[in-house]
Each structure stands twice: as structure tokens, then as C-alpha cells.
Amino acid sequence: MNKPSRTGVTHVLDAYSYSLKGLRAAWRHEVAFRQETALAAVLIPLALWLGTSASERAILIASVVMVIVVELLNSAIEAIVDRISTELHPLSGQAKDLGSAAVMLSMLLCLGCWAIIAAQRFL
């Protein structure tokens, strides 16, 4: 029998609860997530100082948050692959490598945003 669908405020509260559960799981089980979150705790306040306009501050903060978002998606991919099978398989490795590549590209984008804005401020 299907679970009755929830709508309105109940749906929003359930979604919020699931999101917090996911963040707790990432914090507990993902070293990279903890490292990136610690770096964000330093970089976000620094972005408020480094950015000279609201747009610059938003770009700096968004680029940092995007790294964390992509890391969460990569962790989800890895969990799904491991849930399906822990056997070595070329497609499993490819899925994990693609997720890792996405994290790397988000980090390079973040670095590029920070470098461009820092260069404008200091050069």
C-alpha cells in the first residue's frame, strides 16, 4: 500500500528534516565534506571583506557553497554505487570518477572566482 502523499507545510517540514538528516550523514561519514565545510567557515567571512560590491560577495560565497553542493552530490553518487554493489566494475569506477571530476571542476571555478576578484582588489 502506498504512503499517502503530503502537501503544504507538512511536505516542507518533511523535506527540511530529510535535508538535515543528509547533512548530518555527510558530516559523520564524509571527510571531504568536513574539510570543505571548515574551509567555507573561513572563506565566507573573508568573502564579505574581500568583495567590494554585493555582486562580488555573492559570487565569492556562491562559488564556495557550490563546492559543498557538488561534494554532496558526489557523495550521493558514491553511496548509490556502493549500495548497488561493492564489486569492482568499470561503470562503477566511471561513475565515481565523474563525480570526483565534478568536484574538481567546482573547486577550480571557485579558485578562479576568488583569484579574479582578489586580483581586482589588490592589483
Side-chain angles (χ1 to χ4, degrees):
M1 189 157 170
N2 288 338
K3 185 177 176 182
S5 66
R6 297 181 182 236
T7 59
V9 174
T10 305
H11 174 75
V12 171
L13 292 175
D14 285 349
Y16 180 75
S17 173
Y18 300 142
S19 297
L20 288 179
K21 186 176 177 183
L23 289 171
R24 279 192 297 273
W27 185 263
R28 253 192 313 264
H29 303 291
E30 300 296 332
V31 173
F33 177 79
R34 289 192 301 272
Q35 292 169 339
E36 291 157 359
T37 301
L39 189 57
V42 173
L43 290 179
I44 290 173
L46 185 59
L48 298 174
W49 171 80
L50 180 63
T52 57
S53 68
S55 297
E56 286 184 355
R57 290 180 189 112
I59 289 167
L60 293 171
I61 292 168
S63 69
V64 171
V65 172
M66 185 171 22
V67 171
I68 295 170
V69 169
V70 175
E71 183 63 51
L72 288 167
L73 293 171
N74 181 47
S75 296
I77 290 168
E78 290 181 355
I80 290 168
V81 168
D82 290 345
R83 167 63 175 92
I84 292 169
S85 176
T86 55
E87 282 180 35
L88 292 179
H89 189 280
L91 290 176
S92 297
Q94 183 179 357
K96 289 183 174 191
D97 291 346
L98 290 167
S100 180
V103 173
M104 181 188 70
L105 289 176
S106 71
M107 288 178 170
L108 290 173
L109 177 63
C110 182
L111 180 63
C113 290
W114 279 77
I116 289 167
I117 292 172
Q120 286 180 342
R121 176 153 180 160
F122 297 113
L123 298 182

Can you give me every donor-acceptor pair (side chain of residues 114-123, partner residue at least two apart or in another chain, under 3.5 Å) with its distance?
from, atom 1, to, atom 2, distance (Å)
Trp114, NE1, Leu60, O, 3.4
Trp114, NE1, Ser63, OG, 3.4
Arg121, NH1, Trp49, O, 2.6
Arg121, NH1, Leu50, O, 3.2

| message | Is there a side-chain contact between Leu23 and Trp27 in this structure, where contact means two heavy atoms from C-beta onward sitting under 4.5 Å apart? | response | no

| Do Leu39 and Leu72 belong to the same hydrophobic cluster, where Ile, Leu, Val, Met, Phe, Trp and Tyr are linked whenever their side-chain heavy atoms lie under 4.5 Å apart, directly or via other members? | no

| said: Are Leu46 and Val64 linked, directly or through intermediate hydrophobic residues, by side-chain heavy-atom contacts shorter than 4.5 Å (ILVMFWY only)? | reply: yes

| query | Is the side chain of Ser17 donor-acceptor paired with the backbone N or O of Leu13 at a distance under 3.5 Å, no angle test? | reply | no

| field | Shared hydrophobic cluster for Ile59 and Met66 (ILVMFWY, side-chain gaps under 4.5 Å) | value | no

| query | When you look at CG of Leu48, are more than 12 heavy atoms from neighbouring residues, nucleotides or ligands closer to it than 6.0 Å? | reply | yes

| query | So do Ile77 and Ile80 actually touch side chain to side chain, heavy atoms under 4.5 Å? | reply | no

| note | Smallest heavy-atom separation, Arg34 atom then Arg28 atom, equals NH1-O, 3.3 Å

| remark: Nearest heavy-atom contact between Ala41 and Pro45 is O-CD, 3.1 Å

| said: Whether the side chain of Arg57 engages the backbone of Ile44 through a donor-acceptor N/O pair (distance < 3.5 Å, no angle test) should be reported. | reply: no

| said: Please tell me whether Val70 and Val67 are part of a single hydrophobic cluster in this structure, the criterion being side-chain heavy atoms less than 4.5 Å apart. | reply: yes

| said: Can you confirm whether more than 12 heavy atoms, excluding those of His29, are under 6.0 Å from its NE2 atom? | reply: yes

Result block: side-chain N/O donor-acceptor pairs under 3.5 angstrom for residues 93-113, not counting sequence neighbours:
from, atom 1, to, atom 2, distance (Å)
Lys96, NZ, Asp82, OD1, 2.6
Ser106, OG, Val103, O, 2.7

| task | Using atom types as modelled and distance alone, determine if a side-chain donor or acceptor of Thr37 lies under 3.5 Å from a backbone N or O of Phe33. | result | yes

| Approximate separation, where rounding is to 0.5 Å, of Ser85 OG and Leu91 CG | 11.5 Å

